[in-house]
Asker: 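My questions will all concern the structure given below.
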Protein chains: 2
Amino acid sequence: MNLSVAEENYIKSIYKLEESQESVTTTGLAYELDTKPASVTDMAKKLKEKKLIDYEKYQGINLTSEGKKAALHIIRRHRLWECFLVEKLAFSWEEVHELAEELEHVRSEKLINRLSEFLGNPTIDPHGDPIPDAQGKMGKQRTQVSLDQARARRLEVTAVSDKSTALLEFLTAKGIRLGSQLEIIERYEFDNSIEIKIRNQPAFTISEQVSKNIMVRPL
Amino acid sequence: MNLSVAEENYIKSIYKLEESQESVTTTGLAYELDTKPASVTDMAKKLKEKKLIDYEKYQGINLTSEGKKAALHIIRRHRLWECFLVEKLAFSWEEVHELAEELEHVRSEKLINRLSEFLGNPTIDPHGDPIPDAQGKMGKQRTQVSLDQARARRLEVTAVSDKSTALLEFLTAKGIRLGSQLEIIERYEFDNSIEIKIRNQPAFTISEQVSKNIMVRPL
DNA sequence: AATAAAATTTAGGCAAATCTAATAAATTAA
DNA sequence: TTAATTTATTAGATTTGCCTAAATTTTATT
């Protein structure tokens, strides 16, 4: 199956939305891809034709198993390039997403498998997300919840959902990275902000918007 | 200046043709890009508009100094990726050209400069071609001639002009690579074929078509 | 110099991916 | 359960990059 860059981006976004939400809507996908609903409808017809999605007028969009397989291959490429950029070229985690968005569209099984090998077949990327293997199989996500819903008091950061430079720069500035050990000091019901503390540094407060995007596991 | 992939490929091909020939014609460029003359005319108008080429109807095409600068940046990306593929991912020299054709279109100064550094700032690529530096400056090509025109008897292979898999596989099969030391045994005027010998291996004959594409320097 | 041949350009079209504006369906609210 | 609102789709254009066929210009030949 030969996909255009545009088609690959649609498949990837549909996968991403399916992962978090229940249903993928025309408007939601348009928002995710920074395009217009009319464009999404057009592309939906094409992807249905290629049997990558199930789609009926007004009924929303779902990846077929073939679509899912395609998505996992794209995600594999994306995450392996992110690893390369961070580990070999010393980029920081907030810089790699945009670059990987471009590199992921170079379609060569051999290239990507060699790259994986070169990197020691990593299983998680710089944002804590699992990397599908050559067959598209993804290691179980470690049981993790977002920080705003965590029940334990002492937690370890396992991943970050939002890959925007803005969030990642903020986290870096606050000293939060993968593996950071946090202690919840206080939860403020008014705006759902949380006061947290890392090691023996002074405590600070983060908004709900931020805590929703930090994935953690109890320590 | 933001160039599309198509525009970058045109610029690169024009540069390549200017390097070898004297004038770049519509038909020649169409052949190089595996497209039609009419398409070249269309694109010529666009590139002229962008001040990357000098172009007047029926008068052929020439890169402006800005066009040349753009070409050197693309070539730098191409050749650095080739180095990466060969040195880090263990690809052979006949496999890397096609992959680099795709990777070269990822436009990030930072990425390419980090990559260069990671590779130890190489100055020649796996086919013996010089790599432009970050400013687009290229180290002088070592004085080299193609094998069919070489006057000395003992020669060293410094580069290969044609990057086709077909030629490179042939050379590999014959044991010819960068740095190989050749001895010319005989030249046959009839078809301009040449009998050569490497080290203490048996001599063999290569066609003019092949020898034209092997660059050498006298030993 | 006139004509034939080759090279180049123009005209008109097509496919991909997008857009805006208009329409239709589904959902929510009154 | 109508009406209002939101969501989704269609219709019709646009841009980029390419094409074929026809026309034009340049170059080569007699």
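Note on naming: letters A, B, ... go to the chains in the order of the sequence lines (proteins, then strands), and numbering restarts at 1 for each one. None of these values were measured; they are calculated from a predicted model.
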Asker: Give a yes or no answer on whether the side chain of A:H97 reaches the backbone of A:T165 with a donor-acceptor pair at less than 3.5 Å.
Answerer: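 Not at all, since once roles are kept as given, no pair shorter than 3.5 Å links the two residues.
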Asker: Is the phosphate of C:dT9 approached by B:T41 (side-chain N or O, under 4.0 Å from OP1 or OP2)?
Answerer: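 Checking C:dT9 against B:T41, a side-chain N or O does come within under 4.0 Å of OP1 or OP2.
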Asker: Starting at atom NZ of B:K36, determine the distance to atom P of C:dC14, rounded to an integer number of angstrom.
Answerer: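 It works out to 18 Å between those atoms.
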Asker: Within 45 degrees of the ring normal and closer than 6.0 Å to the centroid, is that where the cationic atom of B:K88 sits relative to A:F84?
Answerer: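 Output no; distance or angle outside limits.
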Asker: Please list residues of residues 47-59 of chain A whose heavy atoms come under 4.0 Å from any atom in DNA chain C, ordered by number; otherwise none.
Answerer: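 When residues 47-59 of chain A is checked for heavy atoms under 4.0 Å from DNA chain C, the hits, listed by number, are A:Y58.
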Asker: Any side-chain N or O of A:T26 less than 4.0 Å from the OP1 or OP2 oxygen of D:dT9?
Answerer: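 Yes, such a contact exists.
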Asker: Within the structure, does a side-chain N or O atom of A:T35 lie under 4.0 Å from either OP1 or OP2 of C:dT18?
Answerer: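 No, outside the criterion.
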Asker: C:dT18 C1' sits how many Å from A:K45 NZ, rounded?
Answerer: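 Atom-to-atom, A:K45 to C:dT18, this comes out as 14 Å.
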Asker: For DNA chain C, whose closest nucleotide is more 5', that of B:V40 or that of A:D34?
Answerer: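 Nearest nucleotide further toward 5': that of B:V40.
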Asker: Has B:S4 got a side-chain N or O lying under 4.0 Å from the OP1 or OP2 atom of D:dT16?
Answerer: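 Answer is no, no contact under 4.0 Å.
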Asker: Are the side chain of A:K163 and the backbone of A:S161 linked by a donor-acceptor contact shorter than 3.5 Å?
Answerer: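 It does hold such a pair.
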Asker: Looking across every strand, which nucleic acid part, if any, lies under 4.0 Å from B:A38 by heavy atom: base, sugar-phosphate, or nothing?
Answerer: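 Base, at least one base atom sits under 4.0 Å.
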